[in-house]
Each structure stands twice: as structure tokens, then as C-alpha cells.
Amino acid sequence: MITRVPQRLFAKATIGLLFAVVLALLVACVVSYIQDRKLQSVSLGNLRMATWNLAQLGHEASAFDRELALELQDVGDSDEMLLRYDILWSRYVYLLTSSEAAITRDHSQNEVRLTELFGALQSLETPITRLAAGDPVDRRVLATLWETQKAQVQRLVIDNFVGDETGQLMDRVEYSRNRLSNLRLLMLGAMVLVFSYLALAVMYTRRQAGIDQITGLPNHLYLRSLKRIDPAKAIITCEINEFQVVLSEYGHDTLAELTRAFVDRLRVHLREGDELIQVAQNQFLVVATPSPRETMTALVERLASATSFDWSLHDTVLHISSTLGADAPCQGSCPGWQARYQQVHRALAQARIEGRPFYINDAKLRTRLKREQAIHSALNRFLKGQPSVLRLSLVYQPIVSADNATRITGAEVLLRCQHQEEGVVPPYEVVDLCERYGLGKKLGQWLFREIAHETRDLYQYMGFRGVLSINLNPSMLCESLPVDVKTLLLGQGIPPESLCLEITEDNAALNFSLINRLIRKMHDLGLCVALDDFGTGHSSLEYVRELKVDRLKIDRCFVDGIENDSDKERFLGSIIAMANQASMKSVIEGVETGAQWRLVGELGGELIQGYYAYRPMPFNDLMALFIDGSATFPVDQGVAANDK
Ligand code: G
Ligand code: MN
């Protein structure tokens, strides 16, 4: 009902009606304007002038009338009477001939009436002259004739003042004035109507913007407008797992149906005062007060099972499921709504990482989040070159020749991280954090700079030609990699043939064609490329063959325990043989014991990286090995066999 009213209010018909009202008023305004213009062309000044001349005529007729009356009673002054008669005469002449009186003549029937009256006055000339001279005259006839004339003059004056024409004109002016004031009132009303309608429309659209069009639920705009959420409420986020599948397989309309069905199932589980918000097309937020008889886990489980259902679709049945992240009501100090919202999503991410249907934010997750935030902000400061409680450094693990553990061919550069409060942070965590928070490229550039900074002198002045293997994190695998390599490594004096870039199988799988293009560019620059952690990724052998890498770094899981497992030994042997066949150099990782060393040598492994030979060490220790001669290194001038 509530939604239907605005629907009607903003229906096309209502808008049309409103438009028609405004249009009608506009038309009325135009008509009124045209009519008023006509009225304006009538000059009120002219009208006054016309009546003024006639008023004078009336005045002079009265003066003559007074003198004639005295004369008829024989008590008058005949000269005075004749004078008044002449004045009246000349007034007629003036009215009928002068140009100033043209206005008077033009007005209405005045000219005709004046001519007649003048004629009548002229016909009185003889009796009047006789009366003045004292000759006998029919005084009754004269008086009657004059009375008629006088009455007609009066009529003429009255007609001109308040007669038809002027009366109509006045009526028209009055009508126009009334119409204008009514129109003004109507316009005012229409304006109030239109503005109220606009205000309603704005309110309606703002409210509509905060509502999802498919489910009718408050949406992310509504969520953003929320200032706080009662700490006593649980916050649960819920995602449809099959969203993408349904969208890609069945299209938008079916997806809308699914979303509605999903929402209906969630709604059933809401109690009075609980809220359901649609955060994204496939994500919902439940803000609920858990019942005192139910644990948080029970509530989330209930929602999870409600949203796990078989959905009949055309002639098939699709199993729909959801993943939930939850934050229990706060006890004691509450971190604030925004922080809780973030925690809910952290919990959701954790559920996904662990492959569980839900995860409820707990102390473990909170600690992890706090630790991550601490490391992230310190990393950010460190990479910006600001003072930081975190320090990144490099260690080098020599890669040796399989036939001599002290014949060092190069080293893998490994990242180390030390945080003042959190202690040692493992490199995979640093890389993962940088990737998640968009610091991956910065980390890569720092890595290149630091490698060049530490090893430049060794290459430039000491003739060292060992190959440095550098791990690339996913963000570095982009079009700008060649530029970074050129400016930050080659440009600093590191020879290209002494550089090998390591890519993991999974990272390569992210964008196969891009990686292949990058490998080609690295080859053009003279660098070597290695496939790291070979055998642990998700890619097929066929796919590995397609990648034109120079080295295969065989993961240490293939070495672990080979001395006690002949199957494992044969398996490693075939991987090495495969690498040889494909003209790739194999680097066997994780060789920890003498027994493993011997076996790997027998299996035809060429290069070995493992604790048995050397552990990762700071650059100064590697330098010491080089200087004190306890190991051999490839050097310039062909002193030792070049690794490549
Ligand atoms: O995946 P990648 O090859 O980049 O990993 C090298 C990691 O393996 C380094 O962290 C290094 O410390 C570790 N490592 C190197 N040699 C050995 C070894 O012999 N045994 C074990 N357990 N780890 C090793
Ligand atoms: Mn590596």
C-alpha cells in the first residue's frame, strides 16, 4: 500500500495531469496578456480630453439657460443672454471644426449628435434675437425648444462620462483586473503544487535509490547512511555462492528470481526489529538480536541451513548455498560499527579460506586482523622510506653445482622481515599482505633496488658473475616489468646474464599470454627465467611445456624422504629427465642431507639449493665466502665455468 501511493503519484497519468494544469494556466496567461494589450491601446487621457470638451459645452449651455430663463421672465440682461448664446454657438463651431476637438468628435456618435444639436441651436437664432430686441415671440415654443436642446446636451455629456462606451471600457478594465488577480492566485497555487510535487519526487527518488529494485530491500546507500548499529546486535553477512554460475548460465532474469527466493528464505528467520540489507547483488547483511535461548553459532547455522536449498529451475534442480561471516553482539567495549562491519567481512573471507559455510569472528581472527593491520601500516611506512617499526632485508642462499657442494653458481635472493612487536614475519605473509593491500609493485621495486644496492660493487669491481635468482610476486608480473628490470637492475650495473627471474606455476597461470610475452621480453634483455616450486601448482605439464622458461626449480617435497622411498626417487628422476629433455636446467630444492645429495647427483640433477650445501645468509657472509676462497664462484674472464 505504502509503495503503491508513490507509484500512483509519480505515474505518467499524474505527471500528464500536472503538466496539463500548468499548460492551461500558461495559455490563460497568454490570452490575458493579449486582451490587456488591447485594453492598453485605449488611451484614458484621450477619453478624458473628449469628455472635458463636452463638459465645457454643458457648462456654457447652463450659463445660457440661466440668462434665457431671466429674459423670459423679463428680468434679465439681454446683452448678457446674447453673449452666452454666442459663446454656446462658438463652442459648437469649435467642437465641430477645430483639430483639438477631433478626439471628442471621433468618440462614439458625438459628431452626428453635435451636428444635430448645432442645427437646433441655429434654428433658435431668430426667436432669441427677437426676444432680446423686445419683439413679440412665442415664449412657450422657445422655452420648449431650448429645454429639448438642453436635455440633449446633458444626455450627451452624461453618455460621454458614464455612457455605454466608457461604461463598457470601465467594465473591461475591471474585468481584466479581476482576471489578473485570479490568475495570480491560480499561478501561486500551481507553483505551490509543482514545488510540493518536486519535493515529493526528490524525496521519493532518494528513498528509491536506497532500495534494491529487485528485492525491495534497503541497499548499500542505506547502509552508508547508517550512523551506528546497536552493539547488542549481531551482524551477519551472507553471500550466494552460485551467483556467478546462475548469472552466466541462466542470465539476469533467472538470477533475479533466485535472489528473491534467497531473500525470502532469509526473511523467515528475522524477528521483530531485525534488519536485512542488500549490500551487493549477491551479498546481504543481517542485523539481528539473537534470542537469549540461542547461541550465536546456532543462529548462524540456522541462517546457513535456510540458505542452503535445492532450487527448481526449468527442468533441472540447482543446489544453492551460501557463505556467511558473522560478528557476535559486543560485550564490554565495542569497536564501533564500521570496524565491526570490516570484521564481519574478515570473517567471511576466513570462511572462504577455510572452505567452511560460515565463520564467526573470534579472538583468533581479531588478533590476526590486528597483527595484519600493524604489519601492513609498518610495511607501508617502510616502503615509503619513512621511519618504521618494520624492516625488510635480503638473504642469499647459494645454488651449487651437483658435483661439488662448494662450487657456487649463484644464489636465490630471499626476503626477510622483522617487526619490532610482532617479531619475524614470514616472507609469504609479507608478499600476501602487499598483494592484498596493493603494495605488490612497490615491494618489487624495493626488492630490485635493494639487490642492486647490495651487489652492484661485487659485479662492477670484483668480476663476480654468479646468477641471482629473484622471486617475482604477482603484482610485478605486468607490462612495466621490463622497465623496472632495465632501470632498477641493469641500469645499476648488474649484468643481464647474472639475473634469473622466478615465477611460480600458479602466478604464471593467472595470465598465460601476458607471462609468455614477459618471458620473451626478459630473454630479449638477456635474462633467464625459472619456474619456481615446480610440481606444487595446479597447472598441467602441457601448460608448463608451453612456457618458455630456462630453469625448472623442483620443489623440495619431491626430495623430502627420497632416501627411504624408492618410488619417490624414481619419480624425482623422471622429473629431472623431463627437464633435461626439454632443455631446461633443473634446480633441485631442499636437499638437506648427504644421502639426499648423493641420490640427486645420481639422478642427474645439475644444480642444487638446500641446507646441505648452504643456508640462506646475509650478503656480507656471501661476500666472505667469495673473498676467503672457501667456495668457488663464476667470475669474469672465465675463471670459473659460467652458470648459464
Ligand atoms: O619457493 P622458494 O624456492 O622461493 O622457497 C625458498 C625457501 O625455501 C626459502 O625460504 C628457504 O629458506 C627455504 N629452503 C631452502 N633450502 C631449504 C632446505 O633445504 N630445507 C627447507 N626446509 N627449506 C629450505
Ligand atoms: Mn624461489
Side-chain angles (χ1 to χ4, degrees), residues 392-402 405-406 408-418 423-432 434-435 440 443-444 447-448 450-451 466-477 499-509 515 519 522 527-539 544 547 549-563 568 572 575 579 584-601 605-619 621-622 625 643:
L392 293 179
S393 59
L394 301 179
V395 289
Y396 299 77
Q397 186 177 30
I399 298 172
V400 299
S401 182
T406 59
I408 295 175
T409 65
E412 177 170 358
V413 187
L414 298 163
L415 193 65
R416 292 292 178 260
C417 177
Q418 179 77 32
V424 170
V425 184
Y428 66 83
E429 199 179 332
V430 173
V431 171
D432 177 57
C434 284
E435 287 298 316
L443 175 71
L447 182 77
F448 282 180
E450 188 66 9
I451 292 172
V467 175
L468 293 179
S469 265
I470 305 169
N471 293 295
L472 298 182
N473 53 297
S475 304
M476 296 162 81
L477 296 169
L499 288 169
C500 183
L501 301 183
E502 296 189 10
I503 305 167
T504 66
E505 267 177 85
D506 286 345
N507 289 346
I515 303 299
I519 291 175
M522 290 306 119
L527 275 75
C528 118
V529 181
L531 195 64
D532 202 6
D533 300 337
F534 175 71
T536 59
H538 297 93
S539 51
V544 171
L547 285 171
V549 294
D550 313 274
R551 286 184 178 194
L552 216 54
K553 296 196 75 177
I554 300 162
D555 194 76
R556 64 169 173 272
C557 67
F558 295 104
V559 175
D560 191 27
I562 44 165
E563 58 273 47
K568 224 170 174 177
L572 180 62
I575 297 176
M584 291 186 274
K585 234 170 219 183
S586 49
V587 182
I588 293 96
E589 297 191 282
V591 175
E592 291 182 347
T593 64
Q596 288 174 351
W597 175 273
R598 272 187 301 282
L599 278 170
V600 168
E606 268 184 83
L607 298 172
I608 295 179
Q609 180 185 351
Y611 292 170
Y612 179 73
Y614 294 100
R615 283 180 175 262
M617 60 187 80
F619 180 72
D621 294 1
L622 185 75
L625 288 180
D643 177 43

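Counting starts at 1 for both ligands and their atoms, in listed order. These values consider heavy atoms only, across backbone and side chains, with no hydrogens, waters or symmetry-generated copies.
Looking from atom 17 (C) of ligand 1 to the surrounding protein, the closest heavy atom is Tyr611 CE2, 3.3 Å.
Residue Leu414 touches ligand 1 through its side chain alone, judged by heavy-atom distances below 4.0 Å. Of the heavy atoms in Gln596, none comes closer than 4.0 Å to ligand 1. The part of Asn471 lying near ligand 1 is the side chain, judged by heavy-atom distances below 4.0 Å.
The CG atom of Asp533 lies 11.0 Å from the CG atom of Leu552; values are rounded to the nearest 0.5 Å. Atoms OG and CD1, from Ser586 and Ile608 in turn, are 9.0 Å apart once rounded to the nearest 0.5 Å. Note that CG of Leu501 is 6.0 Å distant from CD1 of Ile470, once rounded to the nearest 0.5 Å. Between Leu414 atom CG and Met617 atom CE the span is 11.0 Å, to the nearest 0.5 Å.
Side chains of Phe558 and Ile588 form no contact here, defined as non-hydrogen atoms less than 4.5 Å apart.
The distance from the Mn ion (ligand 2) to the nearest N/O/S atom of Asn471 is under 2.8 Å. Counting backbone and side-chain atoms alike, Asp533 contributes no N/O/S atom closer than 2.8 Å to the Mn ion (ligand 2).
Close approach of ligand 1 to Arg416 is summarised as follows: ligand atoms under 4.0 Å from at least one heavy atom of the residue are 12 (O). The Asp533 neighbourhood of ligand 1 comprises atoms 1 (O), 2 (P), 3 (O), with distances under 4.0 Å to a heavy atom of that residue. Close approach to Pro616 involves these atoms of ligand 1, each under 4.0 Å from a residue heavy atom: 12 (O). Atoms of ligand 1 lying under 4.0 Å from any heavy atom of Glu592, numbered from 1 in the order shown and given with element: 18 (C), 19 (O), 20 (N), 21 (C), 22 (N). Near Gly610, meaning under 4.0 Å from any of its heavy atoms, are these atoms of ligand 1: 16 (N), 19 (O).
A side-chain donor-acceptor contact under 3.5 Å links Gln397 to the backbone of Tyr614. Looking only at distances, no side-chain donor or acceptor of Thr409 sits under 3.5 Å from a matching main-chain atom of Ser401. A distance-only check finds a donor-acceptor pair linking the side chain of Asp550 to the backbone of Val529 [under 3.5 Å]. Side chain of Lys585 to backbone of Ala530: no donor-acceptor contact under 3.5 angstrom is found.
Of the candidates Arg556, Glu412, Lys553, the one placing a heavy atom closest to atom 7 (C) of ligand 1 is Arg556. Among Glu589, Arg615, Gln397, the residue whose heavy atom lies nearest to atom 16 (N) of ligand 1 is Gln397.
With the Mn ion (ligand 2) at the apex, Glu412 OE2 and Glu502 OE1 define an angle of roughly 100° (rounded to 10 degrees).
With respect to the Mn ion (ligand 2), Asp532 has OD2 as its nearest N, O or S atom.
Counting only N and O atoms by type, the side chains of Glu505 and Thr536 include no donor and acceptor under 3.5 Å apart.
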